[in-house]
There are 2 protein chains.
Amino acid sequence: MLKEERHQFILNEVRIHNKVLLTDIADLLKVSVDTVRRDIKELHNSDQLKKVHGGAVSLGFNTYSPVGKKVYSLEKKSQIAEKAITLIKEGQVILLSGGTTNLELARRLPSKMQLTCFTPSLPIAVQLLTKSNVEVIFIGGRLSKDSQITVGGSAINMLSEIKVDICFLGTNSIHPVEGLTEFDWEIVQMKKAMIHSSRKVVSPCISEKIGSLQRYKICGADEVDVLITELEPWDIKLDAFKTMNLQLL
Amino acid sequence: MLKEERHQFILNEVRIHNKVLLTDIADLLKVSVDTVRRDIKELHNSDQLKKVHGGAVSLGFNTYSPVGKKVYSLEKKSQIAEKAITLIKEGQVILLSGGTTNLELARRLPSKMQLTCFTPSLPIAVQLLTKSNVEVIFIGGRLSKDSQITVGGSAINMLSEIKVDICFLGTNSIHPVEGLTEFDWEIVQMKKAMIHSSRKVVSPCISEKIGSLQRYKICGADEVDVLITELEPWDIKLDAFKTMNLQLL
DNA sequence: ATGAGTATTTCGATTTTTTGCAAGAACACT
DNA sequence: AGTGTTCTTGCAAAAAATCGAAATACTCAT
């Protein structure tokens, strides 16, 4: 029994069961628990599973949870959210795409503010339920499990029937020349429809995403009215956007 | 049972029910309350939920909860859910209304079963996201904060465009003469539309709701095809329904 | 083929973690 | 105020992790 064989076996077990017990593996493979422990430690160090007391669990064991999910760059996203909120006025109708930045925005919405809020994002809808003065309207449709937003014809259809004041379009990649891009075609369609349904398009975007590029194009950078980052508007990283017809915040 | 597993289980329960009781979890997991207490303390320290006296609640969530319902009737609802699942066949298209019993049903859906599932309920949609083989289609519309389901013209409109195999219609009150009733007018409209969109109407209902009555009528008891309770079909409490054209389960 | 050097595995002793239990304090509800 | 629950704290048993040493296997140059 080669070490590599054991590793594959363990990974396979983890894939199937989402968890393994040290003792089970030792039993099945007829080796000592020490060996299995060492194997699992190695796999843990190479990020192929997560070692826990008594065994190991699959890495993506809990990665679907809308709450509890670790939000990266939370600090930056909070700053962006705070800036974004200054754009919203009492009584307006807004549209929130998915994404953790927008989730942060939703969380920080003043609950005393009277608003109507459209969204195709499940986590954001859940969050908005806590805001008693916000009327939440969910864009229905087929739910994409990865992004936890609705997509597809029905959702786009519903979007085609509305015209909101501001759309906050969370974006994965923004590039001064290539504009906003995404890697998921269905989400691209959704975002295009969202832009079309809005008088004003605001793109909250953490600076590390600036200049990156994905497979499919949503729209040109000049179609965005306001670009919000955690940086100061005059930051050198934003130079490429300064000549454009968009507001930096 | 790994600690990690318990943690995931607890988080999942919190996500579904918005709250958990120490004793419930201890019971379900067959461990002592001390262990659960410790688990919840850890999850609390890592900001994954909020520890409260007697249990834990979801972060930032309006704890709308069936008021003062100390006994969560989890046991009964699980039984009903298990029975309900036997009615579902591979490949079918089903419609789930809101309610905690249906939530339990959604939770227990075998994840290997291929299904298409419509629902206007936010918590149920969240729960269904974890089922990789279930296609989830959310009925969009205005979100009612109390019931956490979508209501209103848009939702009813979307319902009018579908025809599903089975509808599981969670109900607050069922009465042999007066039929299914609700206290919220908008939800009544939704449920009427749901019945209309379904070939077969199944009503999961815990026995304590039998014979109760609310302000508005959804439909007659005979419009329900199957009534599922936690009781045996020949139980004396169900006598009033035995002469009707509906199946007891 | 041989033997030195290295890697892998096993074993035993010790330490750490986890878990359940119990007694008294703190808390919620009437 | 009284009465159940729930919390805290300390403790002990069991399970798991760690560490060092010894045994075994494997590599490779001679």
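Chain letters run A, B, ... following the sequence lines, proteins first, then strands; residues in each count from 1.
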Quick check on [N]: is either OP1 or OP2 less than 4.0 Å from any side-chain nitrogen or oxygen of [X]?
X: A/Lys41; N: D/dT18; result: yes
X: A/Arg6; N: C/dT8; result: no
X: B/Thr23; N: D/dT5; result: no

The residue, B/Gly54 or A/Lys51, whose nearest nucleotide of DNA chain D is more 5′ is B/Gly54
Side-chain atoms of A/His53 come closest, of C/dG20, D/dA16, C/dC27, to D/dA16
From the candidates C/dA22, C/dT10, C/dT9, the one with an atom nearest any side-chain atom of A/Asp34 is C/dT10
Above 12 or not: heavy atoms from other molecules or residues under 6.0 Å from NZ of A/Lys209?
yes
What is the distance, to the nearest angstrom, from the [atom1] atom on [X] to the [atom2] atom on [N]?
X: B/Leu2; N: D/dA15; atom1: CG; atom2: P; answer: 15 Å
X: B/His44; N: D/dT6; atom1: NE2; atom2: C1'; answer: 16 Å
X: B/Arg38; N: D/dC11; atom1: CZ; atom2: C1'; answer: 11 Å
X: B/Met1; N: D/dA14; atom1: CE; atom2: P; answer: 22 Å
X: B/Leu22; N: D/dT8; atom1: CG; atom2: P; answer: 10 Å
X: B/His7; N: C/dT18; atom1: NE2; atom2: C1'; answer: 11 Å
X: A/Asp24; N: D/dA16; atom1: CG; atom2: P; answer: 10 Å
X: A/Asp39; N: C/dT9; atom1: CG; atom2: P; answer: 7 Å

**Item:** A/Asn102 (side chain) donor-acceptor with A/Phe168 (main chain) under 3.5 angstrom
**Value:** yes
d(B/Gln127 CD, B/Leu96 CG) to nearest 0.5 Å is 11.0 Å
Rounding to 0.5 Å, atoms CG (B/Asp39) and NE2 (B/His7) come to a distance of 3.5 Å
* Asked: Within the structure shown, what part of the strands sits under 4.0 Å from B/Val52 by heavy-atom distance: base, sugar-phosphate, or nothing?
  -> sugar-phosphate
Heavy-atom nearest pair, B/Leu238 first then B/Glu232, reads CD1-O, 3.6 Å
